[in-house]
Chemist: 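Before I ask anything, let me first share the structure, which is written out below as structure tokens.
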Amino acid sequence: MEVTEGFVDDAEAPPNDVLSLEPPEDSPKNFAPSPDFLWLCEELFIRVEDVKKQGRERLGSKPISMRYYDVIHHFVKLWRRTVGDDIYPAFALILPYRDRRIYNIKDYTLVKAVCNYLALPKQSATEKRLLKWKRRATRGSRLSNFCVTEIKKRKSEPSPERRITIDKLNECLDQLVEERNAKGGFKGLSESPAFNFCLQNMTFVELKFFFDIILKYRLIGGQEDKLLSCWHPDAPEYLSVVSDLKTVTKRLWNPENRLRHDDLSINLGYAFVPQLAKKVSVSYEKICGKLKNDFVIEEKMDGERIQVHYMDFGGSVKFLSRRGIDFSYLYGESISEGPVAQYLKFNPNVKDCVLDCEMITYDTDRGVVLPFGLVKSSARQALSMEGICTQGYRPMLMVLDLVYLNGVSLIKLPLHQRKEYLVKILTPFPHAVDILSYVRCSDQIAIKRSLERAISMGSEGIVLKNFNSRYEIGARNDNWIKVKPEYLEQFGENMDLIIIGRDPGKKDSLMCGLAVYENESDAAEIKAAEEAEIISLDSDREEADEPDHNKVIKKFISFCIIANGISQEEFKDIDRRTRGNWTKSEDRLPPSSLLEFGSKIPEEWIDPKKSLIIEVKARSLDNTESSKKKFSAGCTLHGGYCRRIRDDKDWTGCYSLSELWRERRQRSGTAIGSLNKKYPKTDKARRKRNDIFVDQALEMDDAGLKSNVFANLYFYVLSDYIDPELNTRITKPQLNNLIKQNSGMLVQNLISKHHMENSFRIISGKLTGECKSLINRGYDILSPRWILDCVSYGKLVRIEPKHCFNVSEELMKIARERVDRFGDSFVSTISEQQLESLITSNIDSTPVTDYNHMDRSPELSQVPIFLFSGRICYVPEMFFSATERAALLSKIKLYGGLVASELINCNLIVVSMTTCSRDPPLQKLRESVAQLIANFDSPQPIPHLVTSEWIDRSIQENCQVPEEDFYPA
Ligand SMILES: Nc1ncnc2c1ncn2[C@@H]1O[C@H](COP(=O)(O)OP(=O)(O)OP(=O)(O)O)[C@@H](O)[C@H]1O
Ligand SMILES: [Mg+2]
Ligand SMILES: [Mg+2]
């Protein structure tokens, strides 16, 4: 069908009211001249401060939030009655951090400029005092107070003929932006005419708030939403869609005129928060149900989310990140230029439109789309126009959705219709602009097949979208579901954590935190707010633990320390971008309403709202008793690694406590805990994988041959065993098997009398009921550890404390004499696993008898020879020469890793560095990996696949680096 200008009007096209959604032409006007800035200070800022000062002590019976509301309501009414309908000039000053103007003024800059203005000598005592203002700060005091105090001492208050109006101040600020950002001619703040004009003409009261504004302080801290919703009930939500105060105030000035849901929508030229995909861990069947058995399946592309605003027939094009950062200078500002924009081939009748896309990287040398990992690292260095297309890479726009067309928002249309329109208006251009393909499906088999296919193609996963769903701005719900394989040796997805603390002495570690959402705020406040109709309460109970952009972050809590993966440049970058925002903990701790620590307190902390987000690779969760106390989250990450600074996210994008809990719940799933999740007992294929330990035990005993180690001994095995170092479960049948293979005899109960006391061993790793009663009857119970050690050493090892689960005093005494203070055996040779135990116990100073109950120690991974501990690597022969492979294997073993002989047994696959993602052997290998999940009805953990470079880099960095960055390209 030919596309005609009016095709959106066709019968099947959007309902008519969509067409009438053009923004109203009339814009708000003020009838009175601009009020004085002093008036704003007195009518709003000071009154808000007064409420804050009075605090929670009740004045009359009004709760504090009502008192704030009164002040704000009064101000808004006053503005409307005495000034007019355009409140933008005031909002820009009241909400400076929401204002787009960038001044680049930090504490330091301001202090220097003020001292300069006071004509103080360099490094004066005053200057030093001001720079250290935080030390003297009591709660609620700010740098602006201290600056004004110093000015007061030396200058008298000016009494200008005319006060500075709000408009005049805004002009000064505009000018300040220009001065501060002027290329080449950059001047210090003290030389700024705009700044000096304000200093000379403002009263002390005004000055204080002026300083706050240029420092982008939260002037009415916490009351922003009240202010916005007092002005217009839809303003808070609308601001979250358009992220621009000017747009909000221009559109929303008559409270009678409510936005329809659609208006919380796409605005040409302004970033909106894109719809996100939700991760669910349920069966494919349930997923189908959530998607109403009618959905499309797309590949999950790994790049950066980007939205294209195409305007004026391509005369102007904008590429916006989801935070509204404009990347048009990189990709092109109109269709006549730029590495991407010039390839946007739209039907000539398209005047304007908005596309939801993913920007990926295309390898021009080899003609492939780069797999994950490389995209990000290549994009990171390529933030200049020159950088972006050189070195054989180029950006490629993968279009996912069409959400706006010729003045009309399409978000109400069902997905399939948006997709149909998309292909009608846009012609792909090879390697530069493409439309993501999809298939329509209805059952779980399709999901499973697609996931298998994604794995065998080396892709990140798939995204499923309800065929008939509308586009929901900023939502993350069941209409878009992402399905990725789980990975072995990894805890959930990478987490985006907020930096909250650091120890400046230790240059290489950062404390990170989680967000806690406001699910239940203080009951009195909710009531007051409800009465005042200033917040709408979320009634959707089911989604209660679902964070989305509408939810408010209540506070942050400490979670972990990240010591790996942060390069020197990244440290400098973090430091530069947070300078001036750090507080020494010994001077002052953060209010616990903002940031909460456990027993571990960093030397310096930062307000999370002024901090940065890093993407952290999460290997496993440590919820030992000690970490429960150390971090306010009640657990911590073990082996976390910083993959990158997330420039595309701010503090609101922080991973949350509820997400962590969901992940934990899902991991614990059906069985007892995370250990079991990997190897559900019920499943055949799983059980096979579980043979790994047995294999190893046998392998150590020379090529898996049976031995006579247990000849003439009888065994009674009571329970499974969880190996504390490998985090692996060895089941009772496996233990029995191991005993049999090594010539031991099994008894099924104790009634059989045909054995002699001293040729009989009871084995248990758990205090079961039966075990208890046997202990009470005076039997010695040995740990399965003893079985494993005997098999490993190929002989009956002498009983040491670690082999004793519960034994008589006498036996324990003998056992103790066989080891030194740290439990190191005087007799047996030592395996790496055991050395690991020794070192752990040494560090923890755990009593020697406690081995069996020990957790894998986090400190351990810092010892280089345990770098790969827990890793079981499958190194397929076909990718290496014999010598190469032998070298690699010894490296793995040297650093504590194990080698598996079969794919099914491994938790990491290593191929050679020269392997190309399209090599047929690699494709076959990935197909085998895909087969691992073939018999399951929900996503299963699979091993990561890396090139041998991962081994080298891990050794070099002395920690396991992110696997996804070492995928064969
Ligand atoms: N077919 C697709 N449909 C929707 N989103 C896709 C698709 N392919 C890739 N994406 C990307 O996946 C992201 C959502 O996936 P996910 O929530 O796992 O985020 P992510 O890739 O980890 O990145 P982030 O942490 O930024 O959200 C989207 O923001 C988008 O950038
Ligand atoms: Mg992504
Ligand atoms: Mg993510």
Side-chain angles (χ1 to χ4, degrees), residues 271-281 291 295-308 319-323 325 327 355-361 369-373 375-376 379 395-403 415 418-419 422 434-441 447 450-451 454 457 459-467 469 471-487 490 492-498 515 546-549 613-618 643-650 652-656 659 662-663 939 962 964-965:
F272 61 93
V273 190
Q275 179 159 1
L276 293 168
K278 183 168 162 180
K279 180 189 180 208
V280 295
S281 291
L291 294 162
F295 52 91
V296 304
I297 301 185
E298 298 170 351
E299 186 186 345
K300 188 169 189 302
M301 309 302 296
D302 199 9
E304 303 285 342
R305 193 75 172 264
I306 205 118
Q307 44 191 262
V308 178
F319 292 83
L320 303 175
S321 82
R322 58 184 184 187
R323 274 183 71 194
I325 297 170
F327 285 115
L355 307 173
D356 187 8
C357 316
E358 185 90 351
M359 189 67 80
I360 55 179
T361 308
V369 168
L370 288 186
F372 41 79
V375 184
K376 277 158 191 154
M396 174 164 156
L397 188 75
M398 195 53 106
V399 186
L400 310 173
D401 216 323
L402 170 69
V403 290
L415 173 70
R418 302 196 306 271
K419 293 216 177 245
L422 177 59
D434 204 355
I435 298 173
L436 186 64
S437 59
Y438 63 94
V439 280
R440 183 179 178 182
C441 300
I447 302 183
S450 304
L451 183 62
M457 292 186 333
S459 137
E460 192 190 4
I462 51 178
V463 183
L464 317 174
K465 298 176 182 171
N466 183 328
F467 192 68
S469 62
Y471 192 95
E472 288 172 85
I473 307 240
R476 193 193 282 279
N477 59 30
D478 285 346
N479 284 331
W480 287 23
I481 293 178
K482 58 181 167 185
V483 183
K484 302 189 211 175
E486 298 278 327
Y487 285 98
Q490 178 164 337
E493 291 190 277
N494 292 356
M495 301 172 178
D496 302 314
L497 302 178
I498 189 117
E546 193 52 37
D548 66 46
H549 81 296
I613 295 265
I614 57 176
E615 179 181 329
V616 170
K617 174 115 206 136
R643 190 168 170 238
R644 58 177 172 144
I645 302 174
R646 295 248 10 188
D647 295 307
D648 59 335
K649 286 197 170 178
D650 64 4
T652 56
C654 181
Y655 192 78
S656 71
E659 282 170 281
R662 200 165 340 123
E663 191 69 49
E964 59 266 47
D965 294 339

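Every number for a ligand or one of its atoms is a count from 1 in the order of the listing. One is the number of the first residue; the rest follow in order along the sequence. These figures come from a predicted structure and were not determined experimentally.
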Chemist: Determine, using heavy atoms of Glu493 and all atoms of ligand 1, whether some pair is separated by less than 4.0 Å.
Modeler: yes
Chemist: Run the side-chain contact (heavy atoms from CB on, under 4.5 Å) test on Asn494 and Glu964 for me, step by step, so that the C-alpha distance in whole Å, both residues' side-chain angles and the decisive distance to 0.1 Å come before the verdict.
Modeler: CA-CA 11 Å; Asn494 292 356; Glu964 59 266 47; 2.8 Å; yes
Chemist: I'd like to check which ligand 1 atoms, numbered from 1 as shown, lie under 4.0 Å from a non-hydrogen atom of Leu400.
Modeler: 1 (N), 2 (C), 3 (N), 4 (C), 5 (N)
Chemist: State which residue, out of Glu460, Glu298, Glu493, fulfils the side-chain hydrogen bond (donor to acceptor under 3.5 Å, both in side chains) condition with Lys482.
Modeler: Glu493
Chemist: Identify which of Arg305, Arg322, Glu299 has a heavy atom lying nearest to atom 27 (O) of ligand 1.
Modeler: Arg322
Chemist: For atom 26 (O) of ligand 1, state which one of Lys649, Met495, Arg646 supplies the nearest heavy atom.
Modeler: Arg646
Chemist: Applying a 4.0 Å heavy-atom criterion (strictly less than), which segment of Lys484 is in contact with ligand 1: side chain, backbone, both, or neither?
Modeler: side chain
Chemist: Does any part of the side chain of Leu276, heavy atoms only, come nearer than 4.5 Å to the side chain of Arg322, both counted from C-beta?
Modeler: yes
Chemist: Which atoms of ligand 1 are found less than 4.0 Å from any heavy atom of Glu298?
Modeler: 1 (N), 2 (C), 3 (N)
Chemist: Have a look at ligand 1 and work out which part of Asn494, if any, has a heavy atom under 4.0 Å from it: side chain, backbone, both or neither.
Modeler: neither
Chemist: Measure the distances from the heavy atoms of Lys278 to every atom of ligand 1 and state whether one is below 4.0 angstrom.
Modeler: no
Chemist: Measuring only between side-chain heavy atoms, which start at C-beta, is Phe295 closer than 4.5 Å to Ile481?
Modeler: no
Chemist: Just to check, does Trp480 reach to within less than 4.0 Å of ligand 1 when the distance is taken from its heavy atoms?
Modeler: yes
Chemist: Counting each atom of ligand 1 from 1 as listed, which ones have a heavy atom of Leu436 under 4.0 Å away?
Modeler: 1 (N)
Chemist: Give the numbers and elements of all ligand 1 atoms closer than 4.0 Å to a heavy atom of Leu276.
Modeler: 29 (O)
Chemist: Can you confirm whether Met495 sits close enough to Glu663 that some side-chain heavy atom of one is under 4.5 Å from a side-chain heavy atom of the other?
Modeler: no
Chemist: Contact between Met359 and Phe319 at the side-chain level, heavy atoms closer than 4.5 Å - yes or no?
Modeler: yes
Chemist: Can you name the atoms of ligand 1, numbered from 1 with element, that are less than 4.0 Å from a heavy atom of Asp496?
Modeler: 25 (O)
Chemist: Show your working on salt bridge (Lys or Arg N to Asp or Glu O under 4.0 Å) between Lys279 and Glu659 and close with a plain yes or no.
Modeler: CA-CA 10 Å; Lys279 180 189 180 208; Glu659 282 170 281; over 6 Å; no
Chemist: Side-chain contact test, heavy atoms from C-beta onward, threshold under 4.5 Å: evaluate it for Leu415 versus Phe467 and give yes or no.
Modeler: no
Chemist: Going by distance only, is there an N or O of Met301 that falls short of 3.5 Å from an N or O of ligand 1?
Modeler: yes
Chemist: Please state which part of Asp302 comes within less than 4.0 Å of ligand 1, counting heavy atoms only: side chain, backbone, both or neither.
Modeler: neither
Chemist: Determine, considering heavy atoms only, which of Glu358, Lys300, Lys465 sits nearest to atom 3 (N) of ligand 1.
Modeler: Lys465
Chemist: Please report the closest heavy-atom contact between Arg305 and Trp480, naming both atoms and the distance.
Modeler: NH2-CZ3, 3.6 Å
Chemist: Measure from NZ or CZ of Lys465 to the centre of the six-membered ring of Tyr438 and say whether it is under 6.0 Å with the direction within 45° of the ring axis.
Modeler: no
Chemist: How does Arg476 reach ligand 1, by side chain, by backbone, by both or by neither, if only non-hydrogen atoms under 4.0 Å count?
Modeler: side chain
